[in-house]
Amino acid sequence: MHLILSAFGSYGDVLPMVGLGATMRGRGHRVQVIVNPYFQSVVEGAGLEMLPLGTADEYRELMLHPDLWHPQRGLKLVMTRGAAHYMGEVYSLLEEHYTAGDTVLGAHGLDLASRIFQEKHRAPLASIHYAPMALMTVHETSRYMGTPNMAKWPRWAKRAMFWAADRWMVDPLIAPTVNELRARQGLSPVARIFTSWNNSPQLVLGLFPDWFGPMQPDWPAHTAVVGFPLWDPPAEEALSAEVEAYLRAGDPPIVFAPGSANMQATEFFRTAGEVCERLGRRGLLMTKYPSQLPPGLPACVRSFGFVPFSKLLPRVAALVHHGGIGTCAQGLASALPQVVMPMAYDQLDNGSRLARLGVGAVVPQVKFKTTRVAAVLGELLGSADVRERCQDLASRCDGPASLDAASDLLEGLHERRIR
C-alpha cells in the first residue's frame with residue numbers, strides 16, 4: 001500500500017508520525033510525509049519521502065511569534081497561521097500524489113484538508129491524535145487552558161460550553177477556510193468543526209494508552225487507542241560524548257525541558273538553575289536555542305541541544321517540562337516523576353492526567369517560582385509511593401508494540417478498501 005501522513009507542528013508532533021511511517025516502511029509499504037522542510041533530515045533519515053509544506057523560514061518565524069505560547073492567542077495563531085493557511089496546499093499535494101485503491105491517508109489533528117479529501121474521493125482516512133484532549137467528551141472531560149475545570153459539571157452544562165466555544169471562538173477561526181475549500185469541491189458547508197466534523201468516519205487513532213486516556217462513551221465508535229509511540233530518529237540513537245561525560249560525572253540530574261519549539265523560556269531556565277541550587281541537585285537544561293539561557297547560571301547545571309529522550313531520561317532523576325504529550329510519554333516510559341508548567345494547548349490536561357496517575361504535579365506558569373518548584377520536586381523525589389507508581393506505569397509503555405498496533409489498523413483500512 002501507499003501511505004500519506006501529515007505531520008504538522010514541532011518535534012513532538014512530527015516524531016510520532018515519522019515513527020509510524022518508519023514502521024510501515026519496514027512492512028514494505030511506500031510512505032510519504034507532508035511536513036515542513038525544517039524536518040527534512042528527520043523524515044529522510046527514516047527512509048521516508050518528504051512532501052514539503054511551506055518553508056523552513058516560515059516554521060522558524062512561527063516559533064518566534066510572541067503569541068505562540070499564550071493560552072488563548074496561541075490557539076488563534078495555530079488555527080490561522082497553521083491549519084487554515086496551509087489547507088489548500090495540503091489538498092493540492094493529496095490531489096497530486098493520491099492513487100485510488102492504493103493510498104491510505106493518516107491525518108494530524110490539524111489537517112482538515114485530508115478530511116475534505118476523504119469526503120470528496122471516499123479515500124481511506126485515519127484521523128490521528130496524540131493526546132486525549134483532541135477528542136471531545138462530556139463524560140471524563142479534559143482540562144482546557146483558560147477555562148474552569150468542568151470535571152463536576154453536569155453534561156448539559158458541558159455541552160453548552162462546547163457549543164459556545166465552537167460558535168464564538170473556534171469556528172470563526174477555521175470554518176470559513178474549511179467551507180471555502182469544500183465549496184470548491186462541490187461539498188456543502190459544515191459547522192462545529194472540531195466537535196462534530198473533523199474526525200474520519202472510518203478510523204480514529206489515539207497514539208496514547210487507555211490508562212492515560214480511557215475510551216469515552218461519546219468518542220467515535222471506530223476509535224482505537226494503541227499506546228505511546230516513543231520513537232526517536234535513528235540518527236539520534238546514541239548520546240553524544242559530551243552528554244555521556246556529564247551523566248557519568250555525578251548523581252542523576254533533573255532535566256528541564258520547556259519544549260523543542262520554545263524560544264521564550266528564559267525565566268523557566270532561570271528558575272531551573274535556582275531550583276537545582278536550592279535542592280543541591282545537578283540540572284540539565286534542554287534547548288536548541290541557547291540565546292535564551294539567562295546569564296549567571298550556577299555551576300551545577302549544564303545545557304544541551306536536542307538529545308534523544310529515550311536514551312537520556314532513563315538516566316536522570318526527574319523531569320520538569322511544559323506538558324507536551326511526547327515529553328510526558330517519554331517521562332512515563334522512563335519511570336520519572338514529572339513537574340509540568342503548562343502554557344497552552346493540551347499541556348494542562350496532560351499534566352493533570354500525570355497528577356491523577358500519581359507520578360507528577362502541575363505548577364501553573366504564574367506560580368512557577370523557585371520555592372514552589374523546589375518544594376514540589378522534593379516531595380515527588382522523596383516519595384516511595386511515587387517511585388513505585390512510576391515503575392508500574394513504565395512497565396506498561398511499549399513503543400514498538402504501539403506502532404505495530406497502529407500499523408495493523410492502517411493496513412486494515414487498505415484491506416477493506418481493496419475488497
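Remark: side-chain polar atoms of Ser383 are paired, donor with acceptor, to backbone N or O of Val386 under 3.5 angstrom. Formation of a donor-acceptor pair under 3.5 Å by the Asp171 side chain with backbone atoms of Arg192 is found in this model. The closest donor-acceptor contact from the side chain of Asn36 to the backbone of Thr55 lies under 3.5 Å. Judged by distance alone, with hydrogens and angles left aside, the side-chain atoms of Tyr345 form a donor-acceptor pair with the main-chain N or O of Gly74 at under 3.5 Å. The backbone N or O of Trp163 sits nowhere less than 3.5 Å from a side-chain atom of Asp166 that would complete a donor-acceptor pair. Using a distance-only test at 3.5 Å, with no hydrogens or angles considered, no donor-acceptor pair links the side chain of Asp346 to the main chain of Ala134. A donor-acceptor pair is defined here as one N or O able to donate and one able to accept, closer than 3.5 Å; such a pair exists between the side chain of Gln216 and the backbone of Glu140. Side chain of Thr271 to main chain of Thr370: no donor-acceptor pair is present (N/O by atom type, distance under 3.5 Å, no hydrogens or angles). Judged by distance alone, with hydrogens and angles left aside, the side-chain atoms of Gln338 form no donor-acceptor pair with the main-chain N or O of Leu319 at under 3.5 Å. With hydrogens and angles ignored, the 3.5 Å screen pairs a side-chain donor or acceptor of Thr23 with a backbone N or O of Gly19.
The shortest heavy-atom contact between Gln264 and His65 is NE2-O, 2.9 Å. Pairing each heavy atom of Leu110 with each of Phe194, the nearest pair is CD2-CZ, 4.2 Å. The shortest heavy-atom contact between Thr80 and Ala84 is O-CB, 3.7 Å. Taking both residues in full, the closest heavy atoms of Ser127 and Ser200 are given as OG-N, 2.7 Å, listed atom of the first, atom of the second, then distance. Here the closest heavy-atom approach between residue Glu89 and residue Pro52 is recorded as OE2-O, 3.9 Å. Nearest heavy-atom pair across Val31 and Leu48 is CB-CD2, 3.9 Å.
Ring pair Tyr91/Phe117: centre-to-centre distance below 6.0 Å. With ring centers used as reference points, Tyr130 lies under 6.0 Å from His108.
If you take CG on Asn198 and NE2 on His129, they are separated by 5.5 Å, rounding to the nearest 0.5 Å. Going from atom CG of Leu62 over to atom CG of Leu77 covers 5.0 Å, rounded to the nearest 0.5 Å. With rounding to the nearest 0.5 Å, the separation of CG in Leu284 from CZ in Arg315 is 11.0 Å. Atoms CZ and CG, from Arg182 and Leu112 in turn, are 10.5 Å apart once rounded to the nearest 0.5 Å. For the atom pair Asp404 CG and Leu409 CG, the distance stands at 11.0 Å (nearest 0.5 Å). Between the CG atom of Asp392 and the CG atom of Leu332 there is a distance of 11.0 Å, given to the nearest 0.5 Å.
Side chain to side chain, His2 and Gln32 meet the donor-acceptor criterion of an N or O pair below 3.5 Å. Checked by atom type, the side-chain pair Arg353/Ser142 shows a donor-acceptor distance below 3.5 Å. In this model, no donor atom of one side chain and acceptor atom of the other lie less than 3.5 Å apart for Asn199 and His222. With hydrogens and angles left out, the side-chain atoms of Gln292 and Thr287 include a donor and acceptor closer than 3.5 Å. Checking Thr371 against Arg278 by side-chain atom types alone, a donor-acceptor pair falls below 3.5 Å. Inspection of the His29 and Glu411 side chains reveals an N or O donor paired with an N or O acceptor under 3.5 Å.
Looking at heavy atoms from C-beta onward, Leu357 lies in side-chain contact with Trp211 at the 4.5 angstrom threshold. Looking at Thr103 and His97, their side chains never come closer than 4.5 Å, going by heavy atoms from C-beta outward. Contact check for Pro233 versus Val18: no side-chain heavy atoms found under the 4.5 Å cut-off. At least one side-chain heavy atom of Cys328 sits less than 4.5 Å from a side-chain heavy atom of His321. Looking at Arg143 and Val362, their side chains never come closer than 4.5 Å, going by heavy atoms from C-beta outward. Contact check for Phe8 versus Val90: side-chain heavy atoms found under the 4.5 Å cut-off. Residues Pro229 and Leu20 fail the side-chain proximity criterion, which asks for heavy atoms closer than 4.5 Å. For the pair Pro209/Val225, no side-chain contact is recorded, criterion being any heavy-atom separation below 4.5 Å from C-beta on.
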What verdict does the side chain to side chain contact (heavy atoms under 4.5 Å, CB included) test give for Asp102 and His414, after you've listed the backbone C-alpha separation in whole Å, the side-chain angles of each residue and the deciding distance to 0.1 Å? CA-CA 7 Å; Asp102 184 36; His414 183 252; 4.2 Å; yes
Derivation and outcome, side chain to side chain contact (heavy atoms under 4.5 Å, CB included), residues Cys276 and Phe256
CA-CA 10 Å; Cys276 290; Phe256 294 83; 3.5 Å; yes
Pair Gln365-Phe268, side chain to side chain contact (heavy atoms under 4.5 Å, CB included): steps then yes or no = CA-CA 9 Å; Gln365 190 172 13; Phe268 176 89; over 6 Å; no
Self-check item: Verdict with reasoning, Tyr38 to Glu58, per side chain to side chain contact (heavy atoms under 4.5 Å, CB included)
Solution: CA-CA 9 Å; Tyr38 184 90; Glu58 287 174 341; over 6 Å; no
(Q) Does Arg184 form a salt bridge (charged side-chain N to carboxylate O under 4.0 Å, His left out) with Glu180? I'd like the steps, not just the answer. (A) CA-CA 6 Å; Arg184 293 204 301 268; Glu180 180 183 353; 3.5 Å; yes
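More than 12 heavy atoms of other residues, nucleotides or ligands sit less than 6.0 Å from atom CZ of Arg282. Counted within 6.0 Å of CZ on Arg81, heavy atoms from surrounding residues, nucleotides or ligands total more than 12; the atom is thus considered enclosed. Within a 6.0 Å sphere centred on CD of Glu379, other residues, nucleotides and ligands contribute 12 heavy atoms or fewer. No more than 12 heavy-atom neighbours from other residues, nucleotides or ligands sit within 6.0 angstrom of NZ on Lys76. Summarising the local packing, NZ of Lys288 is surrounded by more than 12 heavy atoms from other residues, nucleotides or ligands at distances under 6.0 Å.
Arg396 forms no cation-pi arrangement with Phe212, by the criterion of a distance under 6.0 Å to the ring centre and an angle within 45° of the ring axis.
For the pair Glu274 and Arg270, the salt-bridge criterion is not met [side-chain N within less than 4.0 Å of a carboxylate O].
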